[in-house]
Protein chains: 2
Amino acid sequence: MAGSERGPRERMVFSAAQLIRRDGVAATGMREVAAHARAPRGSLQYYFPGGKEQLVNEAVGWAGRYAADRVGRFLAGLAEPAPSGLFAAMVGQWTDEFQTQGFGSGCPVAAATVDCADSAESTRAAAGAAFACWNAPLARALAELGVPEQRTGSLATLMISALEGAILIARAERDIRALTTVARELGPLLDGCVTERA
Amino acid sequence: MAGSERGPRERMVFSAAQLIRRDGVAATGMREVAAHARAPRGSLQYYFPGGKEQLVNEAVGWAGRYAADRVGRFLAGLAEPAPSGLFAAMVGQWTDEFQTQGFGSGCPVAAATVDCADSAESTRAAAGAAFACWNAPLARALAELGVPEQRTGSLATLMISALEGAILIARAERDIRALTTVARELGPLLDGCVTERA
DNA sequence: GTCCTAGTATGACAGCTGTCATAGAATCCG
DNA sequence: CGGATTCTATGACAGCTGTCATACTAGGAC
């Protein structure tokens, strides 16, 4: 999660995502984003003529694509292929972050949803798209792991739901307990859905 | 969810919870809370000398107690006692709200967590307490439904996680699909944990 | 050289935020 | 009646927000 070589525009989107997932959308200022990205403040209105809403939407979209990409990498890196292992890898990314970086930051898509679902329609739509963008490759991965097609979408939604909720609880409690719990309880269920060998 | 007969202080806490769950903590102003509660603005500093943080914390605490109370009512009103039915009732409360009131508002505890976990330690603690306050009666209810003691806490956490995550997705997509999905997929798993008859 | 464009730099704007100081009403006690 | 307590009213404060207008610099095209 390091970003420094890219252009100022990309750095600002990346920084926006980072600040949003820490403080929420409303508490994240544009001047702050520029400073965090070490980008000139004058470039904000140049790259983002749509204002803060555009910047936030792009940050949310970036986060969705990032999550989607990771699914593929987790699937490829699985020791033994099983849905429970994939879910454990997704959860593990968060337990690792919380244990090494602290509980300061959560999911930027969740933050955008909570802060903008009723106040900025385009941002709400961006968050919806981000979740969909995350769900699709996850469902494909489940299919590859032997889950019958008609359930892959539902199970992917369940996995994302449980993960997002556990992230919330973990941050509130400053304890990864909720994350390890959902991984442990959901894993067997997911594996129980496998009917074919890939 | 109507509050009008109580005193101004309670009305302000209640209004704060409503506004927070709609717009998030940062976007909710104190003047707005007073206006929404039809309470005098001058009373804010009188009832909440701790400022906005105190008001937010009390709203979060109220929400946690409200959720905990509902678990008992759901359990009592269950047609046939099973964990899946309890979970369906919890989910149903949200599908009902979304379908009748729209997707404008989510969970206030989630909003407080997202907005304050890294910026207001006391609010983060209040959110953690709210989740714990919700988890306890839910775990007890599962025990009463025949789930062995050592798993009740874990399953309660899984239920709350999945519900909170599905609320997020539903708001982002403006579709209750995620909620019905988690209820359908998680129900059988929950029932499968029942070993004793109550 | 000039011209054009991409990107940057500032400063100002109105609007809102939470907080505080201070004064005022209302209500009950004795 | 006086007096105390509880609650309300109001105006001001510094600080921050997103946005805009405007002027500037760099770098290449020709």
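No side-chain heavy atom of B/R124 sits less than 4.5 Å from a side-chain heavy atom of B/S119.
Pairs engaging residues 35-59 of chain B under the salt bridge (charged side-chain N to carboxylate O under 4.0 Å, His left out) rule: B/R9-B/E58 [sequence neighbours left out]. Among pairs with a residue in residues 154-166 of chain A, none fulfils salt bridge (charged side-chain N to carboxylate O under 4.0 Å, His left out), at least two apart in sequence or across chains.
Of the residues in residues 120-127 of chain A, not one comes within less than 4.0 Å of DNA chain D through any heavy atom.
Look at B/Y47 and you'll find a side-chain N or O under 4.0 angstrom from OP1 or OP2 of D/dT8. In this model, the phosphate group of C/dT8 is not approached by any side-chain N or O of A/Y46 to a distance below 4.0 Å at OP1 or OP2. Phosphate contact (OP1/OP2 of C/dG7, side-chain N/O of A/S43, threshold under 4.0 Å): absent.
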Going 5' to 3' through nucleotides 17-23 of chain D and flagging B where a protein heavy-atom sits under 4.0 Å of the base, S where only the sugar-phosphate is that close, and - otherwise, we get -BBBB--
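Under the rule for a side-chain contact (heavy atoms from CB on, under 4.5 Å), A/D96 has no partner lying at least two apart in sequence or in another chain. Partners of B/R171 by side chain to side chain donor-acceptor pair (under 3.5 Å), not counting sequence neighbours: none found.
Whole-Å rounding puts the B/R38 CZ to D/dT8 P distance at 15 Å.
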Pairs of donor and acceptor atoms involving the side chains of residues 72-79 of chain A, under 3.5 Å and at least two apart or interchain, shall be tabulated with distances.
none

Mind listing the side-chain donor-acceptor pairs of residues 84-91 of chain B below 3.5 Å, one per line with the distance, residues two or more places apart or on another chain?
{"from": "B/S84", "atom 1": "OG", "to": "B/D191", "atom 2": "OD1", "distance (Å)": "3.3"}
{"from": "B/S84", "atom 1": "OG", "to": "B/D191", "atom 2": "OD2", "distance (Å)": "2.6"}

I'd like a table of donor-acceptor pairs (distance under 3.5 Å, sequence neighbours excluded) in which one partner is a side-chain atom from residues 24-32 of chain A, with atom names and distances.
{"from": "A/T28", "atom 1": "OG1", "to": "A/L19", "atom 2": "O", "distance (Å)": "3.3"}
{"from": "A/T28", "atom 1": "OG1", "to": "A/G24", "atom 2": "O", "distance (Å)": "2.7"}
{"from": "A/E32", "atom 1": "OE1", "to": "A/G29", "atom 2": "N", "distance (Å)": "3.3"}

